[in-house]
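Below is a structure I'd like to ask you about.
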Amino acid sequence: MLTLTSVDLQAIWLSAKVATTATLVTLPFGFALAWLLAFGRMRGKLLIDGLISLPLVLPPVVIGYLLLLLLGRQGPLGGLLKTLGIQVIFTWKGAVIACAVIGLPLMVRSIRLGMEQIDPYLIHASRTLGAGFFDTLGSLVLPLSIPSLVTGGILCFARSLGEFGATIILAGNIPGVTQTIPLSIYDYTNTPGGEAGALSLCLVSILLSYLVLIINEIIMRRSRRSVRQLS
Amino acid sequence: MLTLTSVDLQAIWLSAKVATTATLVTLPFGFALAWLLAFGRMRGKLLIDGLISLPLVLPPVVIGYLLLLLLGRQGPLGGLLKTLGIQVIFTWKGAVIACAVIGLPLMVRSIRLGMEQIDPYLIHASRTLGAGFFDTLGSLVLPLSIPSLVTGGILCFARSLGEFGATIILAGNIPGVTQTIPLSIYDYTNTPGGEAGALSLCLVSILLSYLVLIINEIIMRRSRRSVRQLS
Amino acid sequence: MKLEVELAKRLGGFDFSAGFSVAGERIGIFGPSGSGKSTFGNLLTGLLRPDMGSIRLNNCCLFDSQAGINLTPDRRRVAVVFQHAHLFPHLNVRRNLLFGLQRTPVDRRKFNLGEVAEALDISPLLERNVAELSGGEKQRVALGRALLTCPDLLILDEPLSALDKRLKEQIIPFLRKTLRRFAIPYLYISHSLSEMRLLTDRVLLFEGGLFHMVTDAETLARQRMSSNRYGYLNHLSLSEPREVGDLLGYRWGENELLLSDHNNPQTGLFELSSKDVLLFKNHPHALSARNLLTGTISDLIPQGGTVGVVLSCQGQKLIAQVIREAALELGLEIGTKVYAAIKASAFRRLA
Amino acid sequence: MKLEVELAKRLGGFDFSAGFSVAGERIGIFGPSGSGKSTFGNLLTGLLRPDMGSIRLNNCCLFDSQAGINLTPDRRRVAVVFQHAHLFPHLNVRRNLLFGLQRTPVDRRKFNLGEVAEALDISPLLERNVAELSGGEKQRVALGRALLTCPDLLILDEPLSALDKRLKEQIIPFLRKTLRRFAIPYLYISHSLSEMRLLTDRVLLFEGGLFHMVTDAETLARQRMSSNRYGYLNHLSLSEPREVGDLLGYRWGENELLLSDHNNPQTGLFELSSKDVLLFKNHPHALSARNLLTGTISDLIPQGGTVGVVLSCQGQKLIAQVIREAALELGLEIGTKVYAAIKASAFRRLA
Amino acid sequence: HISAATSLTDAVSELVINYEQMHPDIDLQMNFAPSGTLAKQIIAGAPTDIYISANPKWMEYVQQQKMIEPNSQQILVYNNLVFVGIPNSKITSLQDLLTLRRIALASPQSAPAGKYAEQVLLAAGLYQQLSADKKLIPAKDVRQALLYADRGEVDGAFVYRSDALLAKQARILFTVPQELYPQVAYPVALTLSGSNSAGAQEFLVYLLGADAQSVFKRYGFIAP
Ligand SMILES: Nc1ncnc2c1ncn2[C@@H]1O[C@H](COP(=O)(O)OP(=O)(O)OP(=O)(O)O)[C@@H](O)[C@H]1O
Ligand SMILES: Nc1ncnc2c1ncn2[C@@H]1O[C@H](COP(=O)(O)OP(=O)(O)OP(=O)(O)O)[C@@H](O)[C@H]1O
Ligand SMILES: [Mg+2]
Ligand SMILES: [Mg+2]
């Protein structure tokens, strides 16, 4: 049943690479933004919140299009990237950016939810014990946010595995270079009789996400703080 | 700038209807599933967890296709629906189903994250005070989960506003009937000079999601339990 | 209430095990910090599941590992006041109090909210958010919430330690009265021997995770006479107060005792330290103490450097405490007749 | 330590306001439940932000609404032990203890982990998860965690109420010693007058959200003599123990006192209830009390139905308490010479 | 119910509006999606009367599943392949492509336009060279390839003539010689349910009529 061509294998490897990188890249941003939204007291929180949610609200294709405008040759950031010698469009980095942007709102919402549950007295205890702002962030808020970071990471990873619309615009559908699993599936399903290939790749996607879920369970179990024995 | 045709207005109205309905439909399922995953002690939790995450992991087009197979004329559920006289494919109900399925994993993960932060002693207190299992679920776990329900709801709503891949397959792209904002944007981008229309609809999407974010802030502020005044 | 327990539980490196059967309405649990008192409470209410063994309450099996029985907490009808209040954060004080009451069948309800709130001095707080309570206030709400369910067994885990003295003195009599009046059997976990004596008939001693023995607060108090700050505290039931000059005269059996407590001339329970009873072989003169009783020594309890002298004064029992040397010098022996002098200010009203 | 406070804060329906200036190393905060004691602590540490006013600690401004100053908690160098332990759930006991220590400049560190853990009896728990601690254990870890930061001011909010008597008796002397030795000034919030007397020099009284007055525990103790269970507790510094038969003789100024406390023959602080001092006009004979001192009345404190009799015994001060009637009958007046009888078992070691 | 391939969106929309004006009592529902999606919808039983595919492959597929009336199937319009790029370019024929850095085309696997472009390059003997140099950028569909060319992300793209009209900056640089690839045909057919509907049959006749064909022509299609 699982018959994979070498192009398929390349797509799987690429998907894993892109999803992992996108998740890792998004985590610090997600953490910082979630902190800002959960604890920050500046004006315009709602604006930032909305801005972060955009990639969720708009169809991925639109996001891809906007990213292309932004990062393309004529785009405001594109020129900058070009002088730095960084090529984003039509490379796997483009896929990472697409996935990261699409995954960010999921990440931020999760982490924020977790952060808002942290007992403010714990944070205060840390501050009175001499830990400065960033120290408390790193040594208390971060470890206590692990469950929500994991949840956010999983959402981002899973979403990246399935991301199609923005990726195909920003990175193109180049087999072996930017063709991730969803793009490959797209090709398969647009070929009459391509169902078998599509199915195999779907299964691989599912396996990959299961792998992540299992890792998640292990992390969660470790960081679970109290005996949770309820009848 | 915001010039909307009557077809656009129909799309906006439809999108709002579909996203709202999908969110409301998903909430109880999301709550129940999250509870099962957070507190349940049965085997195969990981399996359920994985199953729920599927719509996130697989490209929406694939989900749409699978739903089409499931609910189509020859599908296992399609026959049932037909004898009940319910037409799902090419109706707005199809769009709701597509969005609900796509939004479910986001919902479940968020609610679960919130539930796992509930102090087990509170649940135990409720039980010892004579509240049965379902009673505790309704009168303690549910209200304490409000922040995470809201987060889940927002994610689901926003995702529904942007959902394209699964909707176009299950519900079709029929103007005035199943053409939601993303589908309409799709049509615009396939039309010479359609950018203005696409942009207008994007703005409307953004406005809609802002509306939801504002409602969210209000709910969150109400349910926030303790003074959160940290320096 | 009859409680039969035979269980073992391992928690990390801590082993808990207990096997006993105890009957009574007012049971105490006493033991040093970390001895497993709260753990035992959690096993009874069902928060923790024993590794093995059984728990029977009033011949109803709450848990039995062999029979595979494990009643859910809501079916055990065991209410609990935890060491920390654990109030429901989404409900205000009134609705916290009502939570259990509303889930209690109408025919089982024995109090109303007003009564309990009044007694716990939380009536002005009823509409408050629970996040806006002080430490003591929280604990009182938790107490009220559990009381209002009128359970078959109430577990009180150090319920009074967050309260100030005034409140403690106010709540203890209330607890005594209501728990007795409405026959709510309870398990009282505390570090305070005085609370034990006032609120319990039997005491279970725990130590290092092991059930040690069943005893009673009276015995504990006698055993700790020499190490305790105030020796042994006699509890005296005094009645029929009448004015005697500046003082109040109370009936104590056949005797009359003069007390300086003027605030509340009523029948009641009073406390008197064994160290406040001075013994004389001969009649002392020009003494500042207002009470001079005659009594016969019915028992001698040597302990440490002191001797507890159990007196029978016209049928009433009284324990005095003198140091060993003094006992020898005064020639105190069972049957000896002595004078006991007690200052009018030595008595303290308990209830 | 000098603390100058002038502030107001509204919390829901509760108004807090205080304005005072107090200097000293050992300040107590006393007041009924809900009087704003914890609120005050939270305002000092920066958990709550005053609506207006200013806080100055040692001439360093922590908060000033007019000048727009509001130091962050970590720059205030004010450590706190909350009413609930609030330990960091992701760290084990050792790392909780180390949290503050590691953030304290090396030259400020005055204790090491071992010392503190030893004194608080938590050495065996160091590798434990904090979820696996009993109530008393948690509170002790919180205490250690705060102590180890060697702060400029330490706020202790009812730190001992979750502890049993044995531990309390063990920790109070430790606190006295270490806080004094390392000159850690503190604010001690408690319901216990006895803790106040042992641990504080000055006491701030709060009532209903208002700062009431500065007083000291000694004065409070005298004022509450008649309403307090054990009257006034004399604190006696005794030294040079020697064996006298079964008893121990201690030097108390010029006098020798006989005590039955044999456990620990060492110089120390002892407590003696005013009610345990019996006064005689003439020399009593055949008395069970082992100590008979002569003294001159230097002051009389009438209070309720009793009179506090301040005696000067060879230069040492001692307060006895008799009921008014007895005082009249014995003709107690300032300057009168009296005999004071004290049982050897009436003394209790405090430290 | 008309299901038409995405590339026909504008033309068919206009025709439907015209037709509805002529026949006010008739309400036509349009559904625009990629040909493959439409095919699967029809097979799953989605209500459709007329199916217009962008290539014969999917039409065949639907026919194999016995979902259309075989006799009604015919070619609606043709299209042809052009190469677009920035106007001032010096590219005028296939051979010039080797000088370019990046060339976009629709994904050969999923889009017929891509397949045709691939065939053209193979026939011209350029494919080996271009793919070895990784100069070929497959896009999701023709529209996306056009977008790349239009934004200057690539130096040129193979697209349909009908799509090329959408470009803002890019212009047609040359038309690909027809002999290098099979004709691009848009087959139309009535579905089984459509063959029972008089309205559907009438509309099909209208689509194939001269009025409709002139509209198609305006949008860059070629009449059969
Ligand atoms: N989950 C756990 N895992 C390991 N050890 C635990 C766990 N829970 C409690 N303990 C240990 O079990 C012992 C008994 O705890 P318990 O809370 O029953 O004590 P306690 O008698 O109530 O003490 P206290 O008077 O201080 O409240 C303690 O030493 C505690 O550290
Ligand atoms: N956030 C708040 N909103 C409204 N009222 C509050 C808030 N926090 C505390 N209070 C009220 O302020 C009063 C003082 O509380 P505080 O915790 O300072 O008392 P306390 O003196 O420490 O009492 P205890 O000895 O019981 O701990 C209480 O009546 C409490 O209900
Ligand atoms: Mg305990
Ligand atoms: Mg307090």
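Quick caveat: nothing in here was measured; it's all calculated off a predicted structure. Chain letters run A, B, ... following the sequence lines, proteins first and then strands; every chain starts at 1. Computed from heavy atoms alone, side chains included, the values below leave out hydrogens, waters and symmetry copies.
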Applying salt bridge (Lys or Arg N to Asp or Glu O under 4.0 Å), which residue pairs with at least one partner in residues 17-44 of chain E are found, sequence neighbours left out?
->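 Listed by first then second residue: nothing to list.
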
Just give me the residue among E:L147, E:I2, E:I43, E:D141 that pairs up with chain B most often, heavy atom to heavy atom, under 4.5 Å.
->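 Option with the top pair count is E:I43.
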
Give a yes or no answer on whether the side chain of E:Q29 reaches the backbone of B:V177 with a donor-acceptor pair at less than 3.5 Å.
->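 Checked: no pair found.
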
Is it the backbone or the side chain of E:S7 that comes under 4.5 Å from a heavy atom of chain B, or both, or neither?
->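 It is neither, since no heavy atom gets under 4.5 Å.
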
Checking side-chain contact (heavy atoms from CB on, under 4.5 Å) for the pair B:I89/E:Q41: CA distance, chi angles, key distance, verdict?
-> CA-CA 9 Å; B:I89 294 174; E:Q41 285 172 340; 5.8 Å; no

Could you tell me which portion of B:Q179 (side chain, backbone, both or neither) has an atom closer than 4.5 angstrom to a non-hydrogen atom of chain E?
->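 No part of B:Q179 comes within 4.5 Å of chain E.
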
Going from CZ on E:F32 to CG on B:L183, what distance comes out if it is rounded to the nearest 0.5 angstrom?
->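 The CZ atom of E:F32 sits 12.5 Å away from the CG atom of B:L183.
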
Gap separating the NE2 atom of E:H1 from the CZ atom of B:F90, nearest 0.5 angstrom =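 Answer for the NE2-CZ pair, E:H1 versus B:F90, is 9.0 Å.
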
Step by step, would you call B:Y65 with E:T37 a side-chain hydrogen bond (donor to acceptor under 3.5 Å, both in side chains)?
-> CA-CA 9 Å; B:Y65 185 56; E:T37 301; over 6 Å; no

Quick one: which residues of residues 206-215 of chain E reach chain B at under 4.5 angstrom, heavy atoms only?
->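 Hits under 4.5 Å: none found.
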
Is the backbone N or O of B:N173 less than 3.5 Å from a side-chain atom of E:N31, with the two atoms forming a donor-acceptor pair by type?
->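 Indeed, once roles are kept as given, a pair shorter than 3.5 Å links the two residues.
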
Count the heavy-atom pairs under 4.5 Å between each of E:T6, E:T9, E:L38 and chain B, then report the option with the highest count.
->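 Highest number of pairs under 4.5 Å: E:T6.
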
